[in-house]
Enquirer: 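Right, I'll just put the structure down here and ask away after.
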Number of protein chains: 2
Amino acid sequence: MSYTYDYPRPSLTVDCVVFGLDDEDLKVLLIKRGVEPFQGRWALPGGFVHMDESLEDAARRELQEEAGIRPNLMEQLYTFGAPERDPRGRVVSVAYFALVKLSDHRVHAATDAREAAWFSVYDVPRLAFDHADILATAHQRLKGKVRYQPLGFELLPPKFTLTQLQRMYEKILERELDKRNFRKKLLAMELLEELDEVEQDVSHRAARLYRFDHKKYKQLEKAGFNFEL
Amino acid sequence: MSYTYDYPRPSLTVDCVVFGLDDEDLKVLLIKRGVEPFQGRWALPGGFVHMDESLEDAARRELQEEAGIRPNLMEQLYTFGAPERDPRGRVVSVAYFALVKLSDHRVHAATDAREAAWFSVYDVPRLAFDHADILATAHQRLKGKVRYQPLGFELLPPKFTLTQLQRMYEKILERELDKRNFRKKLLAMELLEELDEVEQDVSHRAARLYRFDHKKYKQLEKAGFNFEL
DNA sequence: TCAAAAGTGTTAAAAATACACCCATGG
DNA sequence: CCATGGGTGTATTTTTAACACTTTTGA
């Protein structure tokens, strides 16, 4: 390495905004900080980037270490670099955005001596650093993106009813949708595979289960198709 | 600062993808590198982030220093952090995306002992580092975003004809638009201020000039209006 | 008077919206 | 048998898309 420059360097971290969905609300995963600064305050999971790992690898590693979570869907959100955002000095943080099926991850919420928990995004405690900004950015991104990319399926179990699907969109978009129009639109895309199964243990007529056809979506996408709610 | 951790730190740079538009094409600003690595190769303008400046400030400073350019519109694009992207060692780069009115910036193209030039985005030389990826990401972002945000106006002079506006969209979207439908749609938004002026020095009927009403757009946006082409 | 681009209206097709009822099931 | 949510069809409005001719101006 003959061309090394040497400038003082900011520290580099990753932070993860992990969303999940349950019957009530859209939820976000938070970790209670065990060390200063902001000891005892809730924060987004995250930590320092190692020298030999990619940014996304760092985000996945931290999530695994701090909360035992391995999301299917993870993408870069935004990089936060205001000079005063961390009292330890100059720390630039690359934020990631992830969606998980809460059913898979409820149990693991507390792990590893750290305290981890899911909070409603509408009722979040005071957060460490600028994590409230990061969360707000992520929430906005989710609301914007869910309408023109089939992200939402990552929040649902693999088999779901059309009503579950509709509720998911209603919770994220924060508005009601018309049942018939919703179903017409979704089914017209032909991306939902109708299964020979119905939901179990309900005290009324059981709804049919569907599965999102990721493979077909990839094909259609290549051919210029645009998902749009 | 009592809580300082010390990890080995990646270097942190910013890179800028600056787009401009002329009669032929969408153009991107490149700088010829004067030092190793990749000496003599064309690259995106950029450089190391100082310890006391924000990321966007760093991007603006580098653009000013390397090309004498101060864009009106600049936003964060993506952060590139693959471990092997820079032969000098671990360098993470926060990429920015900017649009300028070429008419304002043609002259300044070469400054400061460095060689700077505008290239058609469809005919770019081999670039240093992973700058081809960064450019591709930026180009994709521009194509996607121009349809649902009034970005394109930043590429045109303050006063423009409807035909200029249409050509701009056609060049960015890489498809033809219907003249009447285009005009109807744009004028229906009531965001174009019709001026009492027409273009000068043309050898045919002179077209009326319009101005984009940024202030009105801000208002409408707050009220829930969505720009959409 | 001609070349070159400006400007303008209408129609048909498709998509979005609004809306109300019957059905199947379990308790 | 009734409460609960599942499931379906149609009419109206709005939006989009396709398309051709007249006007103005300078050379």
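Note that the structure is predicted; figures quoted are calculated from it, not measured. In what follows, chains are A, B, ... by sequence order, proteins preceding strands, each numbered from 1.
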Enquirer: Does A:Y217 form a side-chain contact (heavy atoms from CB on, under 4.5 Å) with A:F225? I'd like the steps, not just the answer.
Expert: CA-CA 8 Å; A:Y217 173 67; A:F225 168 82; 4.2 Å; yes

Enquirer: What is the separation between atom NZ on B:K184 and atom P on C:dG7, rounded to the nearest whole Å?
Expert: 16 Å

Enquirer: Just grab all the salt bridge (Lys or Arg N to Asp or Glu O under 4.0 Å) pairs involving residues 213-226 of chain A, residues at least two apart or on different chains.
Expert: none

Enquirer: In whole Å, what is the span from the CG atom of B:N181 to the C1' atom of C:dA13?
Expert: 13 Å

Enquirer: Among all residues two or more places apart in sequence or in another chain, which pass the side chain to side chain contact (heavy atoms under 4.5 Å, CB included) test with A:A58?
Expert: A:V14, A:V49, A:E53, A:R61

Enquirer: Across nucleotides 1-6 of chain C, 5' to 3', mark each nucleotide with B, S or - according to how protein heavy atoms within less than 4.0 Å reach it.
Expert: ---BSB

Enquirer: Residues two or more places apart in sequence or in another chain: which of them pass side chain to side chain contact (heavy atoms under 4.5 Å, CB included) with B:K159?
Expert: B:L195, B:E197, B:L209, B:R211

Enquirer: Who passes side chain to side chain donor-acceptor pair (under 3.5 Å) against A:H204, sequence neighbours left out?
Expert: none

Enquirer: Considering residues at least two apart in sequence or located in another chain, which fulfil the side chain to side chain donor-acceptor pair (under 3.5 Å) criterion with B:Q149?
Expert: none

Enquirer: Below 4.0 angstrom, which residues in residues 220-229 of chain B have at least one non-hydrogen atom near DNA chain C?
Expert: none

Enquirer: B:T161: what forms a side chain to side chain donor-acceptor pair (under 3.5 Å) with it, not counting sequence neighbours?
Expert: none

Enquirer: Provide, to the nearest angstrom, the distance between the CZ atom belonging to A:R180 and the P atom belonging to C:dC22.
Expert: 13 Å

Enquirer: Using the heavy-atom set of chain A and a strict 4.0 Å cut-off, write down the first and last nucleotide of DNA chain D that makes it in, 5' to 3'.
Expert: D:dT4 to D:dT10

Enquirer: Holding to side chain to side chain contact (heavy atoms under 4.5 Å, CB included), I want the full list of residues that pass it with B:A43, two or more places apart in sequence or in another chain.
Expert: B:R33, B:A128, B:H131

Enquirer: What residues form a side chain to side chain contact (heavy atoms under 4.5 Å, CB included) with B:D130, not counting sequence neighbours?
Expert: B:F80, B:R85, B:D133, B:I134

Enquirer: Which residue pairs satisfy the salt bridge (Lys or Arg N to Asp or Glu O under 4.0 Å) criterion with at least one member in residues 161-174 of chain B, sequence neighbours excluded?
Expert: B:K143-B:E174, B:R167-B:E170

